[in-house]
Every structure is written in structure tokens, then in C-alpha cells.
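The block underneath contains the structure these notes are about, expressed in C-alpha cells.
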Amino acid sequence: MTTLRPPRAVVMDMDGVLWRGDEALPGLSALFDLLRGQAVPFALATNNSSKHPSDYVIKLARMGIDGVTEGQIVSSATATADYLTTHYPRGTAVHVLGGNGVKTLIADAGFTLSDDDPRVVVAGIDFDLTYDKLKRATYLIRAGADFIGTNADRTFPMPDGLAPGAGSLLALLETATDRAPIVIGKPGAPMFEAALRAVKADAAHTLMIGDRLDTDIAGAQRVGMSTALVLTGISGRADVAASATPPDYVFADLVELVSAWQHALGTTQGDA
């Protein structure tokens, strides 16, 4: 069994770690029971920008996980709204290619959503994407609007396989506009720093649980967090073997991770 050093705080990705689509993954309830039983603070950090934090609170409750607050949800949408707040004055016109979650967060931050002559175009995952939406964003970026991407995930884990992610849309827009976006989400440090603030812990004592080597694991390592990869999402064992910066721990799923953690606690208590 993999030896896991119990962390003082945990940051978790969601898609591909806790669920696929609307399907809870094995070990979900056991992980939250362990975290709460050990009084370990946690935050949920996702590159999915389509939803509002309240949507995740509701989704978790439907899966039997009650009591998670919006303040424990850190997404590329919340991080993008924070970025806009620190770089543009309130009232700035912003065009959003993305879901209602990121649109609401940007509007609530004091910005004006606009389809005409915006100063900024924000692009993220849009599950109702149309050619006309892509054409509008392309024209606005070519007209001089700043180009911001919520995240660069090339794929998105769904119950029936890997679907195009926000990064695929950004690549299309970059090709169509000859402009590269400023990307906010993981593996960028702002996402992890926001999550560390949410758990009120330092990086050295915080574990990142993710399913992607290039975002969850690489980004967490850069800020000094320990890392655990679960093989229920994007990256597999072959990817780990080929990685120059492998995670500290690799588990088949959350069930295996929880078992290793419980074993470590038993060993620690027995040695005390």
C-alpha cells in the first residue's frame, strides 16, 4: 500500500476526481467523511468556468455531501472575476463566451456584460456553443478587445469519454484571431494561491488531489504543495511514467486514497 503522509489541509479538483458529469465517483462520501472526521480544512478548485459556486454546492448536496460553502469553491471563473477586478475599473464592458456561472460572477464583480465594443473578451467552456458565438468573439478580439481565457484544459471528462475543454476553444480563437489569450486557471499560481487562502494553510502542509498532470499536479508543485493523482480522470499510469515531474502519490481512485490515508492514521496513532 502507498504510504501517504496525512496533510493538514486539502485542495481537490472536482471533474474527474469527485465525479464525471453528474455521476459521483467511488469514494466520494468516504473522502468527505475522513476530512470532516479529522477536522482537515478543504477547498475545491476547478478549471470549469461554466458554473457559479452555488451550483457546485447544490451538486454536492445532491450527491449526499452537505455543508460545503461557496467560499470553499475556487474556480477559474472566480479567479477570472478577481483578475478583472484588479486590472480593470468597475463598469468596464466585458463580452463573455461561456456559461451563466462565469457571466454572473463577472457581472456581480461590477462589470458590464456587452456584445458591442467591449474592452475585454473572456472565453471559457460553453456547453451551448454555436458558430455565431465563436464568430462574435473572433470579431471583437480582432477589433482590439483584450483576450482572456478562463483555463487551458484541452479536454473535459464526461461519463462517456473526454470532450473538448475550454483550451480547445481558446486554441480555435487564437487561430482565428492571431492573438494568444491571458490564461487565468490552473496550472497558474493564482488558482492555487486562492485555494490556500480558502483553507488558511501553507503550501508545504497542503495536499492537492487532482486527475491532470499538466494542470492539477504541475501547478500545485510549483507553489510547493504535495500532490496526489487519481486515475479516474485525464492522466493515466503511462502519463505518470513519462512525466518529468511525477506526483508524490498515485491512486486508482478516491477509495484507494482514503484507504491509504486511514492506514497512515492508524500507523501514526499506533506509533504515538
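All residue numbers refer to positions in the sequence shown, counting from 1. Everything numeric here is computed off the predicted structure, so don't read it as measured data.
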Under 3.5 Å, side chain of His263 to main-chain N/O of Ser259, donor-acceptor pair present?
no

CG of Asp153 to CG of Leu169: how many Å apart, nearest 0.5 Å?
11.0 Å

Only one of Leu207, Leu35, Thr206 passes side-chain contact (heavy atoms from CB on, under 4.5 Å) with Val40; say which it is.
Leu35

Tell me whether the count of non-hydrogen atoms from other residues, nucleotides or ligands lying under 6.0 Å of CZ in Arg179 goes above 12.
yes

Value for CD1 (Ile209) from CG (Leu18), rounded to nearest 0.5 Å, stands at 8.0 Å

Which heavy atom in Trp19 sits nearest to a heavy atom in Leu60, and how many Å separate them?
CZ3-CD2, 3.6 Å

Looking at Gly210 and Asp216, what are the two nearest heavy atoms and their distance?
CA-OD2, 3.4 Å

Evaluate whether atom CG of Asp108 has more than 12 neighbouring non-hydrogen atoms of other residues, nucleotides or ligands under 6.0 angstrom away.
yes

Side chains of Met225 and His205, heavy atoms from C-beta outward: is any pair under 4.5 Å?
no

Is a side-chain donor or acceptor of Gln72 paired with a backbone partner of Thr69 at a separation under 3.5 angstrom?
yes

Same cluster (ILVMFWY, side-chain, under 4.5 Å), Leu257 and Ile217:
no

Is a side-chain donor or acceptor of Arg20 paired with a backbone partner of Thr232 at a separation under 3.5 angstrom?
yes

Can you check whether Phe32 reaches Val68 side chain to side chain, under 4.5 Å on heavy atoms?
yes

Hydrophobic clusters here meaning ILVMFWY residues chained together by side-chain heavy-atom distances under 4.5 Å, can you tell me if Leu97 and Ile148 are in one?
no

What heavy-atom pair brings Glu23 and Pro159 nearest, and what distance separates the two atoms?
OE1-CB, 4.3 Å

Lys/Arg N to Asp/Glu carboxylate O, Asp13 vs Lys186, below 4.0 Å:
yes

With respect to Ser76, which candidate in Thr215, Val102, Thr46, Thr150 satisfies the side-chain contact (heavy atoms from CB on, under 4.5 Å) definition?
Thr150

So CZ of Arg212 and CG of Asn47: to nearest 0.5 Å the spacing works out to 8.0 Å

Any chance you could pull the hydrophobic cluster mates of Leu105, using side-chain heavy atoms under 4.5 angstrom and chaining through other members?
none

Test salt bridge (charged side-chain N to carboxylate O under 4.0 Å, His left out) on Asp202 and Arg8; report intermediate values, then the result.
CA-CA 9 Å; Asp202 60 88; Arg8 297 180 188 173; 5.1 Å; no

Separation between NZ of Lys51 and OG of Ser49, rounded to the nearest 0.5 Å:
10.5 Å

Do Val255 and Leu31 touch side chain to side chain, with heavy atoms closer than 4.5 Å?
no

For residues 163-175, which residue pairs qualify under side-chain hydrogen bond (donor to acceptor under 3.5 Å, both in side chains), counting only residues two or more places apart or in two chains?
none

Does any N or O in the side chain of Ser114 come within less than 3.5 Å of the main-chain N or O of Ala93, such that one atom is a donor and the other an acceptor?
no

Using the rule given for side-chain contact (heavy atoms from CB on, under 4.5 Å), can you reason through Thr78 versus Thr80, listing the C-alpha separation, both sets of side-chain angles and the distance that settles it, and then say yes or no?
CA-CA 5 Å; Thr78 63; Thr80 298; over 6 Å; no

Working to the nearest 0.5 angstrom, can you tell me the gap between Ser75 OG and Ile184 CD1?
11.5 Å

Arg36 atom CZ: more than 12 heavy-atom contacts under 6.0 Å
yes

Taking a hydrophobic cluster as the set of Ile, Leu, Val, Met, Phe, Trp and Tyr residues connected by side-chain heavy atoms closer than 4.5 Å, whether directly or through intermediates, do Met191 and Ile182 fall within one such cluster?
no

Should Ile73 and Met14 count as side-chain neighbours, where that means a heavy-atom distance under 4.5 Å?
yes

Determine, stepwise, if the pair Ile58 / Arg62 fulfils side-chain contact (heavy atoms from CB on, under 4.5 Å).
CA-CA 6 Å; Ile58 293 169; Arg62 287 174 179 164; 3.7 Å; yes

Going by atom type alone, with no hydrogens or angles, which donor-acceptor pairs under 3.5 Å involve a side-chain atom of residues 243-252 and a protein atom two or more places apart or on another chain?
unit_1	atom_1	unit_2	atom_2	d
Ser243	OG	Thr245	N	3.1
Ser243	OG	Thr245	O	3.3
Asp248	OD2	Thr227	N	2.8
Asp248	OD2	Thr227	OG1	3.3
Tyr249	OH	Arg5	N	3.1

Could you give the side-chain donor-acceptor pairs of residues 116-127 under 3.5 Å, partners two or more places apart or in another chain?
unit_1	atom_1	unit_2	atom_2	d
Asp126	OD1	Asp128	N	2.8
Asp126	OD1	Leu129	N	3.4
Asp126	OD2	Lys133	NZ	3.1

Tell me, do Lys59 and Asp22 make a side-chain contact under 4.5 Å, heavy atoms counted?
yes

Give me the atom names and distance for the closest heavy-atom approach of Asp253 to Glu256.
OD1-N, 3.0 Å

Evaluate the side-chain proximity of Pro187 to Asp214: yes if any heavy-atom separation is below 4.5 Å, no if none is.
no

Do Leu44 and Val199 land in one hydrophobic cluster if side-chain heavy atoms of ILVMFWY residues count as linked below 4.5 Å?
no

Smallest separation among heavy atoms of Asp211 and Gly233, with atom names
OD2-CA, 3.2 Å

Pairwise side-chain contact, Asn48 with Asp15, heavy-atom cut-off 4.5 Å (strictly under)
yes

From CA spacing to verdict: side-chain contact (heavy atoms from CB on, under 4.5 Å), Val240, Leu213:
CA-CA 8 Å; Val240 175; Leu213 288 169; 4.3 Å; yes

Could you please spell out the steps behind the side-chain contact (heavy atoms from CB on, under 4.5 Å) verdict for Leu34 and Trp261?
CA-CA 9 Å; Leu34 177 61; Trp261 191 336; 3.4 Å; yes

If I take atom CE from residue Met12 and atom CE from residue Met208, how far apart are they, to the nearest 0.5 angstrom?
9.0 Å

Does a side-chain heavy-atom distance below 4.5 Å link Phe147 with Leu173?
yes

Counting N and O atoms only, with roles assigned by atom type, does the side chain of Thr138 sit under 3.5 Å from a partner on the main chain of Leu134, one being a donor and the other an acceptor?
yes

Listed partners of Leu162 passing side-chain contact (heavy atoms from CB on, under 4.5 Å), at least two apart:
Thr155, Pro157, Ile234

For the hydrophobic clusters of this structure (ILVMFWY residues joined by side-chain heavy atoms under 4.5 Å, transitively), does one cluster hold both Val10 and Leu254?
yes

Identify, with sequence neighbours excluded, every residue that meets side-chain contact (heavy atoms from CB on, under 4.5 Å) alongside Asp160.
Met158

Non-hydrogen atoms of Ser29 and Met63 that approach each other most closely
OG-O, 4.4 Å

